[in-house]
Amino acid sequence: MLKIGVLALQGAVREHVQSLEANDVDVVVIKRPEQLQEVDGLVFPGGESTTMRRLINKYGFFEELQQFVNKEKPIFGTCAGAILMARELIGDEDPFLKAMDIAVERNAFGRQRESFEATLKVESVGDDIEAVFIRAPIISNVGQSVDVLATFNGQVVAAQQGPFLACSFHPELTEDRRFHQYFVDIVRKQQPVVG
Amino acid sequence: MQQTGTDRVKRGMAEMQKGGVIMDVVNAEQAKIAEEAGAVAVMALERVPADIRAAGGVARMADPTIVEEVTNAVSIPVMAKARIGHIVEARVLEALGVDYIDESEVLTPADEVYHLQKRDYTVPFVCGARDLGEATRRIGEGASMIRTKGEPGTGNIVEAVRHQRMMQGQIKKIVNMAEDELMTEAKNLGAPYDVLRDIQQNGKLPLVNFAAGGIATPADAALMMQLGSDGVFVGSGIFKSEQPDKFARAIVEATTHYEDYGRIAELSKGLGTAMTGMDITSLADHERMQDRGW
């Protein structure tokens with residue numbers, strides 16, 4: 001069975017675990033860097049991006065994560081996760097993993113009172129995806145090799161570059177498992193053919 | 001079509017805080033220390049609970065200048081406290097753009113009968129509770145996050161433990177109860193029936209439940225996580241300790257790795273003195289903050 005990890009330093013870990021398990025994969029809750037070696041794909045959950053990047057550095061995850069990216073092992077980043085994967089962050093902050101050729105603007109819709117939900121069409125996933133945006137970022141620029149999967153009011157809110165998938169909203173907060181299923185399919189396709 | 005202030009958006013914000021530490025701060029400098037240490041949010045207030053306790057008198061919402069100063073200093077979410085039942089303080093904090101309001105027993109209540117109708121606000125609320133009845137009443141009013149009350153500003157974990165044990169035990173009881181026993185339990189707990197029914201059907205509270213009130217050490221934070229808390233609030237425990245930056249980092253790490261005892265042993269070394277604790281029995285009835293609200 002496929003093994004997918006959820007980075008469990010902080011944030012909506014349990015919801016991602018449930019959404020993945022509903023798609024028939026083994027889920028590993030990742031609290032130590034060496035656990036990354038045992039999984040075929042990884043989810044960066046929603047949470048506080050500032051906090052997560054500090055904890056990633058402090059607990060020595062950075063190099064293991066970079067290797068994960070270099071090996072082109074699939075990663076799905078939601079909200080804070082998308083911020084961690086970007087090549088560029090709008091504003092003065094340094095980018096982090098640079099896994100995807102996207103520029104991301106944090107808290108682009110405003111503070112919590114501006115947080116919202118909406119129904120979106122997500123390419124290859126579904127026409128009626130309920131998207132919950134919480135202090136959400138937008139993907140303000142995408143490179144040529146990046147596919148835009150969804151937009152909201154003309155702003156990119158979901159994108160894919162090969163094995164890497166990022167979205168501004170939180171599919172883990174709904175009962176709809178299609179976005180996770182889409183990621184699981186990416187992980188499955190990325191597996192070496194045996195025999 | 002976009003909808004703001006829905007339950008999913010308000011409760012979802014708290015979901016993003018899970019496994020994290022929310023720290024009380026009184027100025028920009030402390031807010032930066034908290035963010036640097038890995039806090040998931042800061043609570044901006046005029047005085048930490050231990051100082052509120054020492055000062056006596058009436059404790060109110062912080063000066064908006066402090067809230068603004070803290071908001072400008074950090075990129076993590078900012079919470080602030082309003083007095084129980086104080087509609088205008090809550091509306092002012094909402095207008096200031098705070099990300100979460102704590103309708104808090106740490107401040108002197110403005111209303112001894114009615115809590116805020118939290119459903120009416122776009123901004124989400126966190127409320128304290130000592131047991132499931134209190135928690136579900138707040139949920140009924142529209143709270144989006146619950147925390148134990150504990151006994152704030154004492155540096156004594158005993159009340160937070162009591163409240164979390166109580167809540168977890170009562171949740172288990174509800175989950176295992178026959179459906180026809182639920183209404184009587186609702187009556188006994190003073191709980192809204194619909195909220196109890198939701199808990200029974202889903203096997204858990206419909207929102208995030210943190211621990212607060214007396215957490216002073218990394219081991220205290222890990223203890224509360226083990227008892228089933230989704231995360232912790234630390235009020236006076238950080239900035240009343242000898243070395244706030246070290247304490248803040250250690251409490252964050254212990255919260256993440258709450259079952260890794262070797263690690264907690266390591267990170268607890270050489271932290272210096274924790275905040276001074278108080279025996280709960282030394283408090284007179286009127287000094288117990290947890291008895292504010294109902």
Val98(B) and Gln112(A), any side-chain heavy atoms less than 4.5 Å apart: no

Partner chain B: residue of Gly46(A), Ala118(A), Ser115(A) with the largest heavy-atom pair count (under 4.5 Å): Ser115(A)

Per-residue contact mode, Ala41(B) against chain A (heavy atom under 4.5 angstrom): neither

Test: Arg263(B) cationic atom under 6.0 Å from Tyr59(A) six-membered ring centre, within 45° of axis: yes

Expected output: side-chain Glu15(B) to main-chain Glu15(A) donor-acceptor under 3.5 Å: no

Arg249(B) versus chain A, the contacting section by heavy-atom distance below 4.5 Å: both

Separation between CZ of Arg8(B) and OG1 of Thr174(A), rounded to the nearest 0.5 Å: 6.0 Å

Separation of Ser75(B) OG from Glu93(A) CD (nearest 0.5 Å): 6.0 Å

Which of Pro124(B), Ala37(B), Gly20(B) touches chain A most, by non-hydrogen pairs under 4.5 Å: Pro124(B)

Proximity breakdown for Val78(B) and chain A, heavy-atom pairs closer than 4.5 Å: both

Lys/Arg N to Asp/Glu carboxylate O, Glu94(B) vs Arg111(A), below 4.0 Å: no

Heavy-atom closest contact (Ala12(A) atom, Lys18(B) atom, distance): CA-CE, 4.3 Å

Neighbour count >12 (heavy atoms, 6.0 Å) for atom NZ, Lys121(A): yes

Neighbour count >12 (heavy atoms, 6.0 Å) for atom CD, Glu34(A): yes

Closest approach of Thr122(B) to Arg113(A) (non-hydrogen atoms, all atoms of both residues): CG2-O, 3.3 Å

Contact class of Val252(B) relative to chain A, heavy atoms under 4.5 angstrom: both

Contacting moiety of Glu172(A), where chain B heavy atoms sit under 4.5 Å: side chain

Atom of Leu173(A), atom of Gly12(B) and distance for their closest heavy-atom approach: CD1-CA, 3.7 Å

Nearest atoms (heavy-atom pairs only) where Val9(B) meets Ile134(A): O-CD1, 3.8 Å

Options Phe133(A), Phe116(A), Phe152(A), ranked by heavy-atom pairs under 4.5 Å with chain B, top entry: Phe116(A)

Part of Asp230(B) lying under 4.5 Å from any heavy atom of chain A: side chain

Glu29(B), CD atom: more than 12 neighbouring heavy atoms under 6.0 Å: no

Contact summary for Arg135(A) and Asp99(B), nearest pair of heavy atoms: NH1-OD2, 3.0 Å

Atom group of Arg53(A) that falls short of 4.5 Å from chain B, counting heavy atoms: neither

Main-chain N/O of Thr256(B) paired to Lys31(A) side chain as donor or acceptor, under 3.5 Å: yes

Backbone N/O of Glu35(B) and side chain of Arg54(A): donor-acceptor pair under 3.5 Å: yes

Gln3(B) side, atom CD; Thr119(A) side, atom OG1 - distance, nearest 0.5 Å: 8.5 Å

Chain B contact via Ala131(A) - which portion, at a heavy-atom distance below 4.5 Å: neither

Asn153(A) vs Gln2(B), side chain to side chain contact (heavy atoms under 4.5 Å, CB included): CA-CA, chis, key distance, verdict: CA-CA 10 Å; Asn153(A) 288 350; Gln2(B) 72 188 79; 3.7 Å; yes

